[in-house]
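Just so it is clear, the model here is predicted, and its values are computed rather than measured. Counting starts at 1 for both ligands and their atoms, in listed order.
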Amino acid sequence: MKDKKAVRIAVFASGKGTNLQSIIDGCRRGDIPGKVVFVLSDNSHAFAISRAKRAGIETVILARRRYKSDETYSARMLKEVRKRKIDLICLAGFLLKLPEPVVREYRNRILNIHPALLPKFGGKGMYGLRVHREVLRKGEKISGCSVHFVDEKYDHGRVFLRKVVKVKKTDTPETLQERILKEEHILFPKAVRKWVDEFYEEQKND
Ligand code: GRF
């Protein structure tokens, strides 16, 4: 049996990294029996990178514009993940579409968090405040957040865990975003824990 304490997690993040922080904290508390081995970003100015450094976690910056093609970019990404023997990749506000070779090699081992109840309000271009604006425009009574497996299409893979949040009549995109983000910080570590319990021992990466 594999040692659950040793679950090796990579987090990919492009922005503030509050979800990254929730995973780091979940590992520290022992709610997640593993550790964040490295943080990858396409943006060297992402605050996620500062958070990782502050926590003593290795960081890797892969700016897409520095690579000639999707192939060379994805080959480099795969190399970084493989060499650290990563069990699970968490996309925590990673804005680039994950290259297909990475999705194929790590199938069922990549989780993404999305600030809506998928399959609604997902897909290309649906990120940040745009999601919450759409939810309000459509007059939805509930929204929330979803953690799902990543496949070849944006926000499309099987939903693994989600949390419903009531939409208030007085909500603005900003207030809704804030309330949902708080729930994301609970949901993502919970989903990682669930993944470890249900999937980790099946993995071939030993
Ligand atoms: C979150 O709302 C997440 O659902 C989405 O991007 C945002 C990232 O926020 N995928 P943060 O960088 O974790 O603060």
Next item on the list: Using non-hydrogen atoms of the residue, decide whether Gly17 is closer than 4.0 angstrom to ligand 1.
Entry: yes
Can you list the ligand 1 atoms lying under 4.0 Å from a non-hydrogen atom of [X]?
| X | answer |
| --- | --- |
| Gly93 | 6 (O), 8 (C), 10 (N) |
| Lys16 | 12 (O), 14 (O) |
| Thr18 | 11 (P), 12 (O), 13 (O), 14 (O) |

Next item on the list: Report yes if Asn19 has an N/O atom closer than 3.5 Å to an N/O atom of ligand 1; otherwise report no.
Entry: yes
Notebook entry, point to check: Any N/O of Ile113 closer than 3.5 Å to an N/O of ligand 1?
Noted result: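 Ile113 vs ligand 1: N/O contact under 3.5 Å present.
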Check: If you group Ile, Leu, Val, Met, Phe, Trp and Tyr whenever their side-chain heavy atoms sit less than 4.5 Å apart, what else falls in with Val159?
Finding: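 Members other than Val159 - counting any ILVMFWY side chain reachable under 4.5 Å - are Leu118.
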Under 4.0 Å between a Lys/Arg side-chain N and an Asp/Glu carboxylate O for [X] and [Y]?
| X | Y | answer |
| --- | --- | --- |
| Arg193 | Glu198 | no |
| Lys124 | Asp155 | no |
| Arg76 | Glu80 | yes |
| Asp70 | Arg64 | yes |

Margin query: Could you check whether Tyr127 and Tyr154 have their ring centres less than 6.0 Å apart?
Written below: no
Note to self: Going by the closest heavy atom to atom 1 (C) of ligand 1, which one wins out of Glu184, Glu183, His114?
What the structure shows: Glu184
